[in-house]
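These numbers come from the heavy atoms of this one structure, side chains and all, not from hydrogens, waters or symmetry mates. This chain uses plain numbering: 1 for the first residue, then up along the sequence.
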Amino acid sequence: GIIMIRSAIVLLSLAISLSATIINVPADQTTIQAGIDAAVDGDTVLVQPGIYSGTVYVEDKDIILTGAAGPISTIITSSTFIVNNTNSQISGFTLEDSFRGFLIGTSTSASPVLKDIIMRNIDQEALAVGDGVTLTVVNTVIDSARFGCLVRGGSGRFINCTFTNITDYALTNEYLASVLIFNSIFWDNGNSIYFNSMDSVTVYNSLIADGWSGPGGSNLVNDPVFIN
């Protein structure tokens, strides 16, 4: 009986993987949004190197949206990502010269992942996280914005991230949002971290320019000596 159950699980997983589609932009769909609109749960939208524009909506489906050659070669300008009710993974893009960066809408179950993202020259928030969302951000640089990330009632995990040249707060948590910061850099910002309750922010193995006395440990205040 156990062997039959395991076999059924393997076959189901195989069927799901075989049914997933890779949608190439611009070969299969001419725009990023058209690629997303054509995708269903489990699909990958693979964006080839180039400069793109236009607001990007990732909503109500769980997909992989990725720049084929990484953020240096796949650039989106003057745009905002609207991300709602999704567990999608978005990776491999530079987002620049935009009014806002990623707006992660309120949800009771969404857990999107941002990975290998560069955001620069953002007029307002580079990231805004709504209530109920669990956002994971990995290997991401936010350089030049008014706010780095606003976490409002949801939760955020920031791993190997850099926040620099933020004019206001690099990271703000409100309404007792839960934030974990690991192995990240906060430097040359107006302020590093704002919190309603220090207990809701935990920082480990990170470099915080103005220090950190809350939960966590093994943090530094040394100059990271960025190389332009």
Side-chain angles (χ1 to χ4, degrees), residues 71-72 80-81 83 89-91 93-104 106 110-228:
I72 301 301
T80 297
F81 276 79
V83 181
Q89 177 176 301
I90 302 171
S91 65
F93 296 100
T94 290
L95 178 64
E96 64 182 14
D97 302 327
S98 301
F99 187 68
R100 286 187 166 89
F102 284 79
L103 302 182
I104 316 295
T106 298
S111 299
V113 176
L114 305 183
K115 184 178 180 181
D116 300 325
I117 302 288
I118 298 171
M119 286 174 267
R120 59 192 178 206
N121 301 326
I122 308 299
D123 190 72
Q124 295 295 315
E125 309 98 322
L127 282 169
V129 184
D131 191 18
V133 175
T134 299
L135 173 67
T136 300
V137 185
V138 183
N139 298 338
T140 289
V141 175
I142 300 176
D143 182 356
S144 301
R146 181 183 176 192
F147 296 100
C149 182
L150 303 181
V151 185
R152 291 173 166 158
S155 66
R157 295 178 289 185
F158 300 88
I159 303 165
N160 300 335
C161 294
T162 297
F163 295 76
T164 188
N165 295 316
I166 310 300
T167 57
D168 207 312
Y169 281 95
L171 193 147
T172 300
N173 91 309
E174 299 176 345
Y175 314 123
L176 300 181
S178 173
V179 174
L180 171 65
I181 300 166
F182 181 80
N183 201 38
S184 294
I185 296 173
F186 291 72
W187 199 263
D188 278 343
N189 302 307
N191 298 278
S192 291
I193 302 172
Y194 171 84
F195 48 84
N196 289 130
S197 170
M198 182 179 283
D199 291 341
S200 62
V201 180
T202 305
V203 184
Y204 288 103
N205 301 97
S206 294
L207 195 159
I208 312 291
D210 41 6
W212 178 252
S213 58
S218 301
N219 297 304
L220 303 171
V221 293
N222 304 70
D223 189 336
V225 191
F226 290 125
I227 298 175
N228 294 323

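A donor-acceptor pair shorter than 3.5 Å can be found between the side chains of Asn160 and Asn139. Asp188 and Thr164 share no donor-acceptor pair across their side chains, judged by distance under 3.5 Å alone. Between the side chains of Arg157 and Thr136, at least one donor N or O lies within less than 3.5 Å of an accepting N or O. Residues Gln124 and Arg100 have side chains that never bring a donor and an acceptor to within less than 3.5 angstrom of each other.
Considering all non-hydrogen atoms of both residues, Val203 and Asn219 come closest at O-ND2, 3.0 Å. What you find for Gly148 and Ala126 is that their closest heavy atoms are O-CB, 3.2 Å. Among all heavy-atom pairs drawn from Thr140 and Asp116, the shortest one is OG1-N, 3.9 Å. Here the closest heavy-atom approach between residue Leu95 and residue Gly101 is recorded as CD2-CA, 3.5 Å. Minimum heavy-atom separation, Asp123 to Arg146: O-CB, 3.3 Å. When all heavy atoms of Val83 and Pro112 are compared, the closest pair comes out as CG1-CB, 4.3 Å.
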Kindly indicate, with the supporting measurements, whether the criterion side-chain contact (heavy atoms from CB on, under 4.5 Å) is fulfilled by Leu171 and Ile181.
-> CA-CA 10 Å; Leu171 193 147; Ile181 300 166; 4.2 Å; yes
Report the C-alpha separation of Phe158 and Val179 in whole Å, then their side-chain angles, then the decisive distance to 0.1 Å, and conclude whether the side-chain contact (heavy atoms from CB on, under 4.5 Å) test is met.
-> CA-CA 8 Å; Phe158 300 88; Val179 174; 4.0 Å; yes
Taking it one step at a time, do Cys149 and Thr172 satisfy side-chain contact (heavy atoms from CB on, under 4.5 Å)?
-> CA-CA 6 Å; Cys149 182; Thr172 300; over 6 Å; no
Test side-chain contact (heavy atoms from CB on, under 4.5 Å) applied to Leu135 and Leu114, step by step = CA-CA 8 Å; Leu135 173 67; Leu114 305 183; 4.0 Å; yes
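Counting heavy atoms from C-beta on, the side chains of Val141 and Cys161 never come closer than 4.5 Å. For the pair Phe81 and Ile90, the minimum side-chain heavy-atom distance is below 4.5 Å. Looking at Asn183 and Tyr204, their side chains never come closer than 4.5 Å, going by heavy atoms from C-beta outward. Between Trp187 and Pro224 the shortest side-chain heavy-atom distance falls below 4.5 Å.
A distance-only check finds no donor-acceptor pair linking the side chain of Ser155 to the backbone of Ser178 [under 3.5 Å]. The backbone N or O of Asn189 lies less than 3.5 Å from no partner atom in the side chain of Asn165, so there is not a single donor-acceptor pair. With hydrogens and angles ignored, the 3.5 Å screen pairs no side-chain donor or acceptor of Ser144 with any backbone N or O of Asn121.
Glu125 CD to Thr80 OG1: the interatomic distance, rounded to the nearest 0.5 Å, is 9.5 Å. Separation of atoms CG (Asp168) and CD1 (Ile166) is listed at 10.0 Å; rounding is to 0.5 Å. Of the inter-residue distances, the one linking Phe99 atom CZ with Ile122 atom CD1 reads 11.0 Å to the nearest 0.5 angstrom. Distance check: Leu127 CG to Phe102 CZ gives 7.0 Å after rounding to the nearest 0.5 Å. Note that OG of Ser192 is 12.0 Å distant from CD1 of Ile185, once rounded to the nearest 0.5 Å. In this structure, OG1 in Thr162 is found 11.5 Å from CE in Met119, a value given to the nearest 0.5 Å.
In this structure, Phe195 has its ring center closer than 6.0 angstrom to the ring center of Trp212. Remark: aromatic rings of Phe186 and Phe163 are close, center separation under 6.0 Å.
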